[in-house]
There are 2 protein chains.
Amino acid sequence: MKRSAKRPYHHGDLAAALVDTAVELIAERGVAGFSMAEASRRLGVTVAAPYRHFADRDALLAAVAAKAATDLTAAVAVEASAVPEPTDRIAAAARGYVRFASANAALFQALFAAGLDKRARPELEEAARPLVEDFFHGPATSLFDGDEQAGEALALAVLATAHGHAMLLLDGAFGPDTDAVGQAMARAHAAALGLVSGREALRSADLPTKVAGK
Amino acid sequence: MKRSAKRPYHHGDLAAALVDTAVELIAERGVAGFSMAEASRRLGVTVAAPYRHFADRDALLAAVAAKAATDLTAAVAVEASAVPEPTDRIAAAARGYVRFASANAALFQALFAAGLDKRARPELEEAARPLVEDFFHGPATSLFDGDEQAGEALALAVLATAHGHAMLLLDGAFGPDTDAVGQAMARAHAAALGLVSGREALRSADLPTKVAGK
DNA sequence: GTCTATATCCCGATAGAC
DNA sequence: GTCTATCGGGATATAGAC
């Protein structure tokens, strides 16, 4: 796995190369095991070079998280965009969400387990908006005949369910079986269908209203 | 849970004190910001002392995670054990799960965001077994008239849903509103009710059989 | 069981040359 | 935009005294 043999980056796109290498490192050692120094070493540049492109370690991690958000959106789109029927669409999105988390664990962890302050990085939420709108909120709202608030409740419920399955899968809660991934995807899919089927419980739920004080 | 005395630890229970201090540190700086050195400093012992009680940093973190598992179980019990009706019981458990995650974020993160290898620490799963059995698997199975496999599917779906809501809440996905906690709890509760209501979608789903709880 | 002392290592980040 | 050189800091973990 030597990369030092050739030097494709010295006069190339170091910023992008750093993001790629960060993903590699996170995959190998986890988010905590990632460091600017090690990434520099792998790319054959000195430890000072990355700071021309990223203000600090967190900035590079945020760039990785941003890539994760767009890649996740694209992956779910591949799985669900061809499915027009709302119930199947949102269920396919849930399954695709879990699939991406497993197939791109490093990216997923950069987005959700890097300890990044999302409130300070609204661009991440922005990057994930099409995902939420097109594959969760949209179908959910049409399942409620256009009721926006009920649709949002269902969308968030399915999203949280997919997220929970993804996190538990990465945590090993589905066991060491080789098909733990397939199992988690099937369970997330079925749970989404169940939520759709029982969606009336979400419509009437008295949730704290969206905005009270501003 | 007292730390009143000035120096209760020098000849007291350093192991337990280290766990408490680790929780404090994680609450203040996150899991990544926790170190044996800083914990030692706070307790007024030298950096060598903790190694008489924990083999390494990960061992101390695992002890914190174990406490988290038992505390989580106890907290859910407080919220759901008095509720006999299966549907309300499992929904109360989901809500209690989210409440605990918010009220004890440091413990929850030690359990789920510390990067501990769960497969290498089966005692954590063991500690959470009563939680899964009594408040998820039990009621879910009775909702399926004793069908164990269908019950497990519903239990895992509700558990994953609660987990997803908890993780998203800690990630700030429910916004900076002061009642984000109450909202997340209400949503998890409603989603659990929805899953119960639409549980037929889970019974028929062809899922691989074996599963590890939690 | 705790302390003193220390070995060893790695990291983030910067200044200034080229 | 990258390199050289480096500062300053903090971490894990161990050896041996008490």
Side-chain angles (χ1 to χ4, degrees), chain A residues 3-65 110 114-117 120-121, chain B residues 3 5-65 110 113-117 120-121:
Chain A
R3 313 178 110 261
S4 49
K6 43 184 177 179
R7 300 286 183 79
Y9 297 132
H10 257 257
H11 287 278
D13 190 346
L14 181 56
L18 283 164
V19 171
D20 290 344
T21 303
V23 174
E24 281 182 19
L25 270 169
I26 293 168
E28 293 172 20
R29 313 182 182 182
V31 176
F34 156 78
S35 74
M36 298 289 264
E38 177 66 17
S40 306
R41 248 172 264 132
R42 293 217 179 175
L43 287 172
V45 298
T46 64
V47 295
Y51 292 92
R52 288 287 138 185
H53 303 274
F54 300 98
D56 52 31
R57 180 180 183 274
D58 267 12
L60 175 48
L61 277 179
V64 177
L116 292 177
D117 187 356
R121 315 215 175 243
Chain B
R3 347 184 63 249
K6 189 176 279 190
R7 282 279 184 271
Y9 297 134
H10 259 258
H11 288 277
D13 191 346
L14 181 58
L18 282 165
V19 171
D20 290 345
T21 303
V23 173
E24 281 182 21
L25 270 169
I26 293 168
E28 292 171 21
R29 314 182 182 182
V31 175
F34 156 78
S35 73
M36 298 289 262
E38 177 65 18
S40 305
R41 250 172 261 132
R42 292 217 179 174
L43 288 173
V45 298
T46 64
V47 296
Y51 292 92
R52 287 285 139 184
H53 302 273
F54 299 99
D56 52 30
R57 181 180 182 273
D58 267 13
L60 176 48
L61 277 179
V64 176
L116 292 176
D117 187 357
R121 311 210 178 250

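Fair warning: this is a prediction, and the values are worked out from it, not measured in the lab. Convention: sequence-line order gives letters A, B, ...; per-chain numbering from 1. Because only heavy atoms are used, hydrogens play no part in the values below, and waters and symmetry mates are left out as well, while side chains stay in.
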Separation of atom [atom1] in [X] from atom [atom2] in [N], rounded to whole Å:
X: R52(A); N: dA15(C); atom1: CZ; atom2: C1'; answer: 10 Å
X: E38(B); N: dG10(D); atom1: CD; atom2: P; answer: 9 Å
X: L18(B); N: dT2(C); atom1: CG; atom2: C1'; answer: 12 Å
X: F34(A); N: dC11(C); atom1: CZ; atom2: C1'; answer: 12 Å
X: R29(A); N: dC11(C); atom1: CZ; atom2: P; answer: 8 Å
X: F54(A); N: dC11(C); atom1: CZ; atom2: P; answer: 18 Å
X: M36(B); N: dT14(D); atom1: CE; atom2: C1'; answer: 13 Å
X: L60(B); N: dT12(D); atom1: CG; atom2: C1'; answer: 13 Å

Heavy atoms only, 4.0 Å cut-off, all strands: where does T46(B) land among base, sugar-phosphate and nothing?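 Here T46(B) touches the bases of the nucleic acid.
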Can you tell me how far apart [atom1] ([X]) and [atom2] ([Y]) are? Round to the nearest 0.5 Å.
X: E38(B); Y: T21(B); atom1: CD; atom2: OG1; result: 10.0 Å
X: T46(A); Y: R41(A); atom1: OG1; atom2: CZ; result: 12.0 Å
X: R42(A); Y: D20(A); atom1: CZ; atom2: CG; result: 12.5 Å
X: D13(A); Y: H53(A); atom1: CG; atom2: NE2; result: 8.0 Å

Closest to the [X] side chain: [options]?
X: A49(A); options: dT12(D), dA13(D), dC3(D); result: dC3(D)
X: A37(A); options: dA13(C), dC3(D), dC11(C); result: dC11(C)
X: Y51(A); options: dG1(C), dA11(D), dT14(C); result: dT14(C)

The single option from V19(B), L61(B), L14(B) passing side-chain contact (heavy atoms from CB on, under 4.5 Å) against F54(B):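 The residue from V19(B), L61(B), L14(B) that satisfies side-chain contact (heavy atoms from CB on, under 4.5 Å) with F54(B) turns out to be V19(B).
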Nearest heavy atom decides the nucleotide; on that basis, is R41(A) or A48(A) closer to the 5' end of DNA chain C?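 Result of the comparison: R41(A).
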For a quick test of reading the model: is some side-chain N or O of R57(B) closer than 4.0 Å to OP1 or OP2 of dT12(D)?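 So the side-chain polar atoms of R57(B) do come within 4.0 Å of the phosphate oxygens OP1 or OP2 of dT12(D), strictly under.
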